Amino acid sequence: MSDLNQNFFEKITYRDALRLAIHDAMIEDKKIIIIGVDVANYGGAYGATKDLLKIFGKERVIDAPISEPAIVGAAVGAAMTGLRPVAELMYVDFFGMSMDQIVNQLAKVRYMFGGQISAPLVLRTQGGTGRSAGAQHSQSLESWIMHTPGLFLSMPSKPNDAYHLLRHALRIDNPTIFIEHKLLYNSTGYLDKLDTNFSFGKANIIREGEDISIISYSRMINFAEKAAEILNQNNINSEIIDLRTLNPLDSKTIIKSVNKTKRALVLSESNYTSSVPSEITSIIFENCYRILKKPVIRYTAEDTPVPVAPNLEKNYIPTIEKIVEYSKKLCN
Amino acid sequence: MSDLNQNFFEKITYRDALRLAIHDAMIEDKKIIIIGVDVANYGGAYGATKDLLKIFGKERVIDAPISEPAIVGAAVGAAMTGLRPVAELMYVDFFGMSMDQIVNQLAKVRYMFGGQISAPLVLRTQGGTGRSAGAQHSQSLESWIMHTPGLFLSMPSKPNDAYHLLRHALRIDNPTIFIEHKLLYNSTGYLDKLDTNFSFGKANIIREGEDISIISYSRMINFAEKAAEILNQNNINSEIIDLRTLNPLDSKTIIKSVNKTKRALVLSESNYTSSVPSEITSIIFENCYRILKKPVIRYTAEDTPVPVAPNLEKNYIPTIEKIVEYSKKLCN
Amino acid sequence: MMSNTLLPELYTTMKRIRSFEERVGELFIKGESAGTMLHLSTGEEIGPACVGTAMKEQDTFTTHHRGHGIFIARGGDPKKMLAEIAGKKDGYCKGKGGSMHIADMKLGHLGANAIVGGGIPTVVGAGISYKYLKEERVSVAFFGDGAMQQGILYESMNMASLWKLPVVFCCINNQYGMGTKIDNAVGYKDFSKRAESFGLKTLHINDLDVENAYNKSREIIEDARKFQPGFIEIECYRFYGHARMDKSPYRNDLEETEMRKLDPIDYAKKELIKNNMLNKEEISEIDKNILNEMDEAMEFAIKSPVNDENEIFIDVYSEKDPLPISIDEKINKILSN
Amino acid sequence: MMSNTLLPELYTTMKRIRSFEERVGELFIKGESAGTMLHLSTGEEIGPACVGTAMKEQDTFTTHHRGHGIFIARGGDPKKMLAEIAGKKDGYCKGKGGSMHIADMKLGHLGANAIVGGGIPTVVGAGISYKYLKEERVSVAFFGDGAMQQGILYESMNMASLWKLPVVFCCINNQYGMGTKIDNAVGYKDFSKRAESFGLKTLHINDLDVENAYNKSREIIEDARKFQPGFIEIECYRFYGHARMDKSPYRNDLEETEMRKLDPIDYAKKELIKNNMLNKEEISEIDKNILNEMDEAMEFAIKSPVNDENEIFIDVYSEKDPLPISIDEKINKILSN
Ligand SMILES: Cc1ncc(C[n+]2csc(CCOP(=O)(O)OP(=O)(O)O)c2C)c(N)n1
Ligand SMILES: Cc1ncc(C[n+]2csc(CCOP(=O)(O)OP(=O)(O)O)c2C)c(N)n1
Ligand SMILES: [Mg+2]
Ligand SMILES: [Mg+2]
């Protein structure tokens, strides 16, 4: 993180964009602290808080015991009493033990207490497959959160979005669940800190096209982009919509796109059933069913736990080949 | 529970049907034990295990400390080592603290361990609004479970179904999450223990009709039935489908019905977004979008936490009047 | 009144709690309460009174589902409390939280909680804030003996101890968790030992002397202020059922009769008279004033208007955000497609 | 060989563990491991050896993510273990569980767990089963010092104590949770005291004498069999990084060098020779046999075939149930509508 004062980066990793976002926010706002397992000395299991201990000291960058429920709970308490914590769960799978504090406390503090207070914190975590980390370390659990009123939910795919979404989350009064992807940390892209185009809650049209809308978020955007290139060679011009936030959800952009292309593929690494993809699929059908040329397709991970074996794990999630195949079928 | 040997009950409460199911199963299978907070002495917060302590003794009906994560975890361990626990969570809201044991352990034991073993247990709990119990004691969290591969999910609305689904769950090798509704315990209906029509995983067509399909489960079935009567007076003949189980989900019956009626209202007390209703809505659209006369409507609770104030709580969930209103609009 | 005693004040607090809870019961009987999940702290007044009084104005706290007494002891307004319990607009939380979620940020009430143990880590977070912000505040988590079996308590204790936070964990041990007697829930019953093993300073109160309890509690609170976190257990007895509907069939009448004799309010009254701190008339006067206060609160709560229906959608997100779209609006929009 | 000592056996077990973990490292370097989340128990062999040997054949256990050593001590087959770690068909779990989820019901291995603390309540449940079924079995949960900060541990301890279950909680305290030194995670560092306060019988091992550790562990296990649940803490040192990729930059080389001198295997070897239990040649022979065994295991793992793709869908539900429908089938069906 040598270029702390630079505003534009042609190429920066997703990890460094996150680090910069936390860094810049912490410089601006002394109320921001970081708390989580191995966020300080270790710099975060995936390096997203590396060096921040050195810069901000151990009062603001706090290594916590492996007590996820209490980490989230303490972050809620700190947020209610004047601080602005960035709490980290090392794996999204640890939502499991933390859901009481996330859903029964964090999401409801403002409502239950009649608007007296809120808990403005950011809960960062990461999910997804790709490291043979197995059934308990590879899940995509955004559907639980999107189902919970009261929680903003960000899942950026690009460094620039990661930066701005995190900065935004650290400014607003609502709690944000911020889910990264373990295979995105090393991915790169530009970062424009002064980006005036960035607008919270707006989906990003990564690629414009007329033939089919591919609606996705997080790592699957990369898959969509690769598929789009191949599709292009096949004379199929796809439009890729990167949702960036799932709550708020930019249904307008989705609907507008599908009204144009009349075909939609919803792409996600989560499980299929009762999920974010089900929601998006419903919205598209509800709004566009009369004009759709083909049914909306939701292409997701298999409805099974995540296997460790690399050959199985690879086929457990969507593949670029199949995105191409289904898109072609949709455009037939 | 005087008529323990009776096979047919013209009128029995939902609560007693559950008690009978556990009772009968425990007589048949000595491996069944009950474990949960206040299940023994108190007989269950909603009375579903009343008197079972007297009949089966404290080795089989075990009051647990208020340690929900460990209750579920211990039930998983007992199920893996030869017993068949009926674990109870007093409120479905306590999924929050228990999700690690439910989703990361229970649901994945068989898969992670390559099919060596499973955890055949039933996790009983109850959810829903209606008692001004507030945001942390009134939720409908079935969407989290339906999203999780590996867990069967039953949500009966009628005593007869409650009995047979619970008996079934206590015979099979898969774990079942069994969600009751706090306002159903006193509701009544018939129970035929020898019911040969009952088929696990099949939806129940509670009422046949040609004009509109109302697809629902749990307490909302009662609302649908009342709405159906009113609709009938308005010459709208509705078909009511009681899903009974959400995993497995009987999509065939849903699709068949909607193919006939060409209109569908999905009714649920859960939140709207990224939910069981989104799933069902997607399925209907995916399969019937070409023949639908109107878009599928999902009528659910508001996307907010549950308020305590009775006047708010009442309007927080679907109302019979609005079911009628939307159905009429669909049939216009 | 002797000047070096707080007993009159402590008596008054306990009496106010008891009278308040009686009104909660009445509200229920009148059909004016929002629901039946009303957990009364009748008989348990010593804990709220001693710890509540030992806390300073700037201190904060969370409570469990049986938290009315604690809030009364911390200055909660019976009017707004009863209105909240009635689910009315003038309640502390606009009637949206109810008995189990009363909160008042102005008085440092960070919230009651319907999840056993749910509010415990909140005070750890508050402790982090106060220490970081250099505010001389202590945050106290109140909870029942049942919560001693919730793992998050031990995670929280360890954090408080590790980070030397100005935090106190206060267990109101009323011998029961719903229908389960403590012996059926706890393997080895020495809660102080548990807390000590996590590095907390401990205090175990097991008698009716509220002033003594207050003095000792103050030490724990002040030590916490100096970053030695603490644990207080106050043994008492839940005089009535778990919630308003429960008649406690699982425990015998004899036990109840015997245990109800251990009434901290009676005990304080006798002490007041015995030590010439207050005479009977003075006590009657106090009691009467309390009754009047509670009468007014009742009236206030019953007269308080219900919420507009739109209130459902308020407070989900911040004021700057649009309200969540109602299902009705969503459906009608879809139908219009 | 003296007949009243188990040291040769304990030495062999420790050595097998060490050699096994070396092969795991090798598997990784060869690019043959499934992923990089390989947590080696090198340096920590004393715990698995003493407790593992103290357990009887019928006893069962769960382990944490650093569980290879324990399973080796309980008879795990290095072939099937390495194949599992390679994500292959011949692995204990058909390669679907990997290093962090090895299990073998036949040998009483109720499963390794990637969730810190996740496998702890499992043994409580096993204890309920054994007591109810009148089987004379003990179930042992193995976990790290990090798990001492997971609330579910205390919930589980209380249950074991309350219900007098044949259960032992065994903490392999290697001084670190990932990059966090124990002093930065624990407020007050006396784990036995914690366990005692929940009613467990405790044992704290903090030296290199594995035979002594074994004898004491056996007492705890046998007491558990008589329904006095127990807790064992074994202090040791994680010789290498947290997982295979971690070079431990957060701790200094001096510490590592010093601590690695506390090698339980070296210590046992010296004891064996000093007490004339085994001579150098005999020890070399043992070591050589172990190396051969591990060579074979490596070969087996590398040669083991990968899974058919259809394996993704197997084991989600019972054999009697239909397989989950693949996404491909779902999509193609919808597209055909
Ligand atoms: C996590 C959780 N489990 C169970 C309940 C249901 N419940 C509400 S109060 C209660 C008893 C709590 O006992 P204790 O903590 O001793 O408090 P008390 O009611 O005695 O004041 C129970 C089991 C709950 N609200 N939360
Ligand atoms: C609930 C949970 N939190 C965090 C992690 C990430 N993690 C894996 S191992 C580990 C350290 C565990 O330390 P310890 O329990 O002492 O075991 P050790 O690795 O030292 O053997 C952490 C933090 C996890 N797997 N599960
Ligand atoms: Mg109690
Ligand atoms: Mg460790």
Side-chain angles (χ1 to χ4, degrees), chain B residues 30-31 33 35 59-60 62-83 85 87 97 100-101 104-105 107-121 149-152 172-175 201 247-248 255 282-283 285-290, chain D residues 60 62 84 91-98 100-106 109-115 117-133 135 137 139 151-156 158-159 162-163 311 314-322 324 330 333-334 337:
Chain B
K30 296 270 171 296
K31 303 265 161 101
I33 61 162
I35 182 166
E59 315 231 301
R60 296 186 71 188
I62 306 171
D63 270 336
I66 311 175
S67 308
E68 282 79 3
I71 289 171
V72 178
V76 173
M80 288 172 70
T81 51
L83 299 186
M97 56 181 65
D100 180 64
Q101 289 296 323
N104 289 332
Q105 314 297 339
K108 299 182 173 41
V109 158
R110 183 193 289 272
Y111 196 85
M112 293 190 303
F113 302 154
Q116 289 184 59
I117 196 155
S118 77
L121 63 78
L151 301 172
F152 276 2
I172 60 173
D173 236 15
N174 295 316
N247 187 11
I255 296 167
S282 294
I283 291 176
F285 271 121
E286 284 161 352
N287 289 282
C288 316
Y289 78 106
R290 285 186 202 280
Chain D
T60 62
T62 60
E84 185 60 37
Y92 269 110
C93 311
K94 301 191 264 179
K96 287 156 85 172
M100 295 199 290
H101 303 293
I102 292 182
D104 180 18
M105 300 308 138
K106 294 204 194 80
H109 191 346
L110 302 178
N113 219 294
I115 302 291
I120 294 175
T122 315
V123 304
V124 172
I128 293 172
S129 288
Y130 304 151
K131 194 168 182 179
Y132 179 82
L133 298 169
E135 298 176 353
R137 307 166 87 172
S139 198
I152 202 163
L153 170 64
Y154 301 96
E155 300 182 357
S156 300
N158 178 59
M159 285 180 175
L162 174 67
W163 294 325
E311 189 60 47
I314 297 172
D315 304 323
V316 185
Y317 303 99
S318 86
E319 301 81 27
K320 288 174 206 135
D321 296 291
K330 280 183 176 143
K333 193 178 153 282
I334 293 166
N337 283 336

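Lettering follows sequence order; numbering is per chain, from 1. These numbers were taken from a predicted model, which means no experiment stands behind them.
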Side chain from CB out, backbone as N, CA, C, O: work out which of these in [X] comes under 4.5 Å of a heavy atom of chain B, or both, or neither.
X         : answer
Leu110(D) : both
Tyr317(D) : both
Asp321(D) : side chain
Lys333(D) : side chain
Val123(D) : neither
Glu135(D) : neither
Tyr130(D) : side chain
Leu162(D) : side chain
Ala114(D) : neither

Pair Phe113(B) + Tyr92(D): ring centers closer than 6.0 Å: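 Ring-ring flag for Phe113(B)/Tyr92(D): false, centres at least 6.0 Å apart.
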
Lys330(D) atom NZ, neighbour heavy-atom count above 12 within 6.0 Å: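 Enclosed: over 12 neighbouring heavy atoms sit under 6.0 Å from NZ of Lys330(D).
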
Heavy-atom pair with the smallest gap, counting every atom of [X] and [Y]:
X         : Y         : result
Ala74(B)  : Ile128(D) : CB-CD1, 4.3 Å
Glu155(D) : Ala70(B)  : OE1-N, 3.1 Å
Thr81(B)  : Gly125(D) : OG1-O, 4.0 Å

Gln105(B)/Asn113(D) under side-chain contact (heavy atoms from CB on, under 4.5 Å): CA gap, chis, key distance, verdict: CA-CA 9 Å; Gln105(B) 314 297 339; Asn113(D) 219 294; 2.7 Å; yes

Evaluation steps, side-chain contact (heavy atoms from CB on, under 4.5 Å), between Met80(B) and Thr122(D): CA-CA 8 Å; Met80(B) 288 172 70; Thr122(D) 315; 3.9 Å; yes

Just give me the residue among [options] that pairs up with chain D most often, heavy atom to heavy atom, under 4.5 Å.
options                         : answer
Arg110(B), Glu68(B), Glu286(B)  : Arg110(B)
Asp173(B), Ile117(B), Ile172(B) : Ile117(B)
Asp100(B), Val76(B), Ile66(B)   : Asp100(B)
Ala64(B), Gly114(B), Ala107(B)  : Gly114(B)
Lys108(B), Arg60(B), Arg290(B)  : Arg60(B)

Donor-acceptor side-chain pairing of Asn174(B) and Lys320(D) below 3.5 angstrom: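 Distance-only check fails for Asn174(B) and Lys320(D).
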
Pair Gln116(B)-Asp315(D), side-chain donor/acceptor within less than 3.5 Å: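 Asp315(D) and Gln116(B) do not have a side-chain donor-acceptor pair below 3.5 Å.
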
Below 4.5 Å from any heavy atom of chain D, which atoms of [X] appear? Answer side chain, backbone, both or neither.
X         : value
Ala119(B) : neither
Ile283(B) : neither
Asn104(B) : side chain
Asp63(B)  : backbone

Contact check, side chains of Pro121(D) and Gln101(B), non-hydrogen atoms, under 4.5 Å: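 Sidechains of Gln101(B) and Pro121(D): in contact.
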
Residue pair Ile71(B) / Met159(D), side-chain heavy-atom distance below 4.5 Å: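 When only atoms from C-beta onward are counted, Met159(D) and Ile71(B) do touch, with a gap below 4.5 Å.
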
Leading residue by heavy atom contact count with chain B [cutoff under 4.5 Å; candidates Lys94(D), Met100(D), His101(D)]: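 Greatest number of close heavy-atom pairs with chain B: His101(D).
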
Option that, when pairs with chain B are counted at under 4.5 Å, heavy atom only, ranks first among Lys96(D), Lys106(D), Glu84(D):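 So the answer, after comparing Lys96(D), Lys106(D), Glu84(D), is Lys96(D).
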
OH-NZ distance between Tyr132(D) and Lys30(B), expressed to the nearest 0.5 angstrom: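 Reported to 0.5 Å precision, the distance equals 7.0 Å.
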
Verdict with supporting geometry, Leu133(D) and Leu83(B), side-chain contact (heavy atoms from CB on, under 4.5 Å): CA-CA 9 Å; Leu133(D) 298 169; Leu83(B) 299 186; 3.8 Å; yes

Exam field: side chain Ser129(D) to backbone Ala78(B), donor-acceptor pair closer than 3.5 Å: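 Answer holds: yes.
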
